[in-house]
Amino acid sequence: MEGFEPKIVAFCCKWCSYAAADLAGTSRLKIKPNFVVIRTMCSSRVDPEFILQAFLNGADGVLVAGCHPGDCHYVNGNYKTLRRVMLLKKVLEQLGIDPRRLRLEWIAASESRKFVVTIRKFVDELKQLGPLRLEAGDDNGSNG
């Protein structure tokens, strides 16, 4: 789709991935402006309903980013997140939404470049998928 620029909602944990996003900005790393960050205390605090609402409100993709496994400030929050996202991807598929539109990444506070690369790759992948078109009552699985 020529001219299509995907919209991404990025849920980032306060301790790691949000700090990485902030470091990317303060380091003036070039990053695509296709996303909005929502800071959460932990990636496990991202309720699946928040992700579904992001899609319903126009997001073409949702990124959930948290601390690396074993480094969670809340001990096992990211393990809960992993299980939750894996299950939600199956639900999205049943709703006719390509599960590639939901991405989970582990990004440490010092990994500002990884944050930038993750956003860039996600934008490129979403451009290939095209815009998410949700229609009321659409259950035929035609959404990309």
Side-chain angles (χ1 to χ4, degrees), residues 1 4-136 138-139 141-144:
M1 304 229 33
F4 167 63
E5 288 296 330
K7 295 180 219 106
I8 298 170
V9 173
F11 292 99
C12 296
C13 86
K14 173 184 177 178
W15 304 103
C16 284
S17 55
Y18 183 83
D22 188 48
L23 181 59
T26 58
S27 299
R28 298 186 184 264
L29 299 178
K30 290 196 177 229
I31 190 166
K32 297 188 179 228
N34 300 61
F35 67 99
V36 62
V37 172
I38 298 175
R39 183 175 64 173
T40 63
M41 290 304 289
C42 178
S43 60
S44 68
R45 299 294 300 189
V46 179
D47 191 294
E49 187 175 336
F50 299 163
I51 294 168
L52 294 173
Q53 282 297 320
F55 285 124
L56 287 172
N57 287 313
D60 297 298
V62 175
L63 170 67
V64 178
C67 304
H68 286 275
D71 287 339
C72 181
H73 284 68
Y74 300 100
V75 183
N76 61 358
N78 45 18
Y79 293 108
K80 291 177 184 177
T81 303
L82 176 61
R83 289 190 302 270
R84 190 176 286 158
V85 168
M86 287 172 48
L87 180 61
L88 187 54
K89 283 183 173 233
K90 292 178 182 181
V91 171
L92 290 175
E93 198 166 24
Q94 293 297 311
L95 295 172
I97 298 173
D98 190 314
R100 292 177 292 177
R101 292 184 181 277
L102 174 59
R103 175 167 284 178
L104 174 62
E105 291 286 338
W106 310 124
I107 304 172
S110 62
E111 295 180 310
S112 57
R113 292 192 190 284
K114 181 176 181 180
F115 185 85
V116 171
V117 168
T118 298
I119 292 293
R120 187 188 74 228
K121 287 181 178 179
F122 199 23
V123 166
D124 292 344
E125 189 172 336
L126 290 171
K127 281 184 177 184
Q128 293 295 315
L129 293 173
L132 177 61
R133 293 187 179 95
L134 296 177
E135 298 175 22
D138 183 13
D139 60 354
S142 62
N143 288 318

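Throughout, numbering of the chain's residues begins at 1 and tracks the sequence. Computed from a predicted model, the values in this text were never measured in an experiment.
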In terms of heavy-atom contacts, does [atom1] of [X] have more than 12 from other residues, nucleotides or ligands at under 6.0 Å?
{"X": "Met41", "atom1": "CE", "value": "yes"}
{"X": "Lys89", "atom1": "NZ", "value": "yes"}
{"X": "Lys32", "atom1": "NZ", "value": "yes"}

On a heavy-atom basis, which atom in [X] and which in [Y] lie closest, and how many Å separate them?
{"X": "Cys72", "Y": "Gly77", "value": "SG-N, 3.5 Å"}
{"X": "Ala24", "Y": "Val116", "value": "CB-CG2, 3.8 Å"}
{"X": "Ser44", "Y": "Thr81", "value": "N-OG1, 3.0 Å"}
{"X": "Asn78", "Y": "Gly70", "value": "ND2-N, 4.1 Å"}
{"X": "Leu23", "Y": "Ala109", "value": "CD2-O, 3.8 Å"}

Could you measure the distance from the [atom1] atom of [X] to the [atom2] atom of [Y]? Nearest 0.5 Å is fine.
{"X": "His73", "Y": "Trp15", "atom1": "NE2", "atom2": "CH2", "result": "6.0 Å"}
{"X": "Ser43", "Y": "Arg84", "atom1": "OG", "atom2": "CZ", "result": "8.5 Å"}
{"X": "Thr26", "Y": "Arg28", "atom1": "OG1", "atom2": "CZ", "result": "9.0 Å"}
{"X": "Asp98", "Y": "Leu126", "atom1": "CG", "atom2": "CG", "result": "9.0 Å"}
{"X": "Glu105", "Y": "Cys16", "atom1": "CD", "atom2": "SG", "result": "13.5 Å"}
{"X": "Arg120", "Y": "Leu29", "atom1": "CZ", "atom2": "CG", "result": "11.5 Å"}

Counting C-beta onward and ignoring hydrogens, is there a side-chain heavy-atom pair between [X] and [Y] closer than 4.5 Å?
{"X": "Leu92", "Y": "Arg101", "value": "no"}
{"X": "Val123", "Y": "Lys127", "value": "yes"}
{"X": "Pro69", "Y": "Tyr79", "value": "yes"}
{"X": "Phe50", "Y": "Thr40", "value": "no"}
{"X": "Leu134", "Y": "Ile97", "value": "yes"}
{"X": "Ile119", "Y": "Asn34", "value": "no"}

Kindly determine whether Leu104 and Leu82 satisfy side-chain contact (heavy atoms from CB on, under 4.5 Å), including the steps that lead there. CA-CA 8 Å; Leu104 174 62; Leu82 176 61; 3.8 Å; yes
Compile the donor-acceptor pairs under 3.5 Å between side chains in residues 60-68 and protein atoms, sequence neighbours left out, one pair per line.
residue	atom	partner	partner atom	Å
Asp60	OD1	Leu132	N	3.0
Asp60	OD2	Lys7	N	2.9
His68	NE2	Trp106	O	3.4
His68	NE2	Glu111	OE1	2.7

Under the side-chain hydrogen bond (donor to acceptor under 3.5 Å, both in side chains) rule, collect the residues that match up with Glu125, sequence neighbours excluded. Arg103
How are the rings of Phe115 and Phe35 set to each other: parallel, tilted or perpendicular (split at 30° and 60°)? perpendicular
